[in-house]
Amino acid sequence: MDDQLRVSLDNIRSSEWDLFEDFANSFLISDFPTLRPIGGTNDKGRDGVLFEPDPQPQARVVLQYSLSKDWAKKIRQTVKRLTEKEIPCSVLVFATNQPVGPAADELEA
């Protein structure tokens, strides 16, 4: 990763969550061309979804972005909120500026 980008991501403040959401959407659009940003404070746990012209609830992909240092807790909260709001989701794509790596193996399972 570019050093300047790494420094920027390491130093972004939690109050700048909206800038991180914009960055994540711009960064991920090349991998997910059907990405539709939702974001904001009333997103029901979704910062974006992958648009499907004939959506099947069991195949819904939801994206969540977070600057939270406790990313595992944030993921659990997001899954809980999606369930409570009855948002169909079979895959959660989580983007963060925090180091994750193999620490997510247990949570992913």
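No hydrogens, no waters, no symmetry mates; every other heavy atom, side chains included, goes into these values. No experiment lies behind these values; they were computed from the predicted model shown.
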## Note on the structure
Sequence neighbours excluded, the answer for side chain to side chain donor-acceptor pair (under 3.5 Å) partners of Asn11 is none
### Task
Locate the shortest heavy-atom distance separating Ala104 from Val100; write the atom from each residue and the value.
CB-CG1, 3.4 Å
### Query
In chain order, what residues pass the side-chain contact (heavy atoms from CB on, under 4.5 Å) check against Ala103, with sequence neighbours excluded?
Trp71
### Task
Determine whether more than 12 heavy atoms belonging to other residues, nucleotides or ligands lie under 6.0 Å from atom CD of Glu84.
yes
### Query
Can you name the residues that form a salt bridge (Lys or Arg N to Asp or Glu O under 4.0 Å) with Asp31, not counting sequence neighbours?
none
### Query
Under the criterion side-chain contact (heavy atoms from CB on, under 4.5 Å), which of Leu50, Leu92, Val91 is the partner of Leu63?
Leu50
### Query
If you look only at pairs with a residue in residues 64-77, which of them pass as a salt bridge (charged side-chain N to carboxylate O under 4.0 Å, His left out), with sequence neighbours excluded?
none
### Query
Just by distance, do the side chain of Ser66 and the backbone of Thr96 share a donor-acceptor pair under 3.5 Å?
no
### Message
I'd like to know whether Glu16 forms a side chain to side chain contact (heavy atoms under 4.5 Å, CB included) with Phe20, so could you lay out the CA-CA distance, the side-chain angles of the two residues, the decisive distance to 0.1 Å, and finally the verdict.
### Response
CA-CA 7 Å; Glu16 298 174 312; Phe20 184 68; over 6 Å; no
### Task
Quick one: list whatever passes ring pair (Phe, Tyr, Trp, His ring centres under 6.0 Å) with Phe94, sequence neighbours left out.
none
### Query
Counting only N and O atoms by type, is there a donor-acceptor contact under 3.5 Å from the side chain of Asn25 to the main-chain atoms of Pro37?
no
### Task
Go through Leu82 and Arg46 one step at a time and tell me if the side chain to side chain contact (heavy atoms under 4.5 Å, CB included) criterion holds.
CA-CA 8 Å; Leu82 292 170; Arg46 304 163 295 173; 3.7 Å; yes
#### Entry: Stepwise side chain to side chain contact (heavy atoms under 4.5 Å, CB included) test for Val61 and Val49
CA-CA 6 Å; Val61 178; Val49 295; over 6 Å; no
### Ile12 and Phe23, any side-chain heavy atoms less than 4.5 Å apart
no
#### Entry: Set of residues satisfying ring pair (Phe, Tyr, Trp, His ring centres under 6.0 Å) with respect to Phe32, sequence neighbours excluded
none
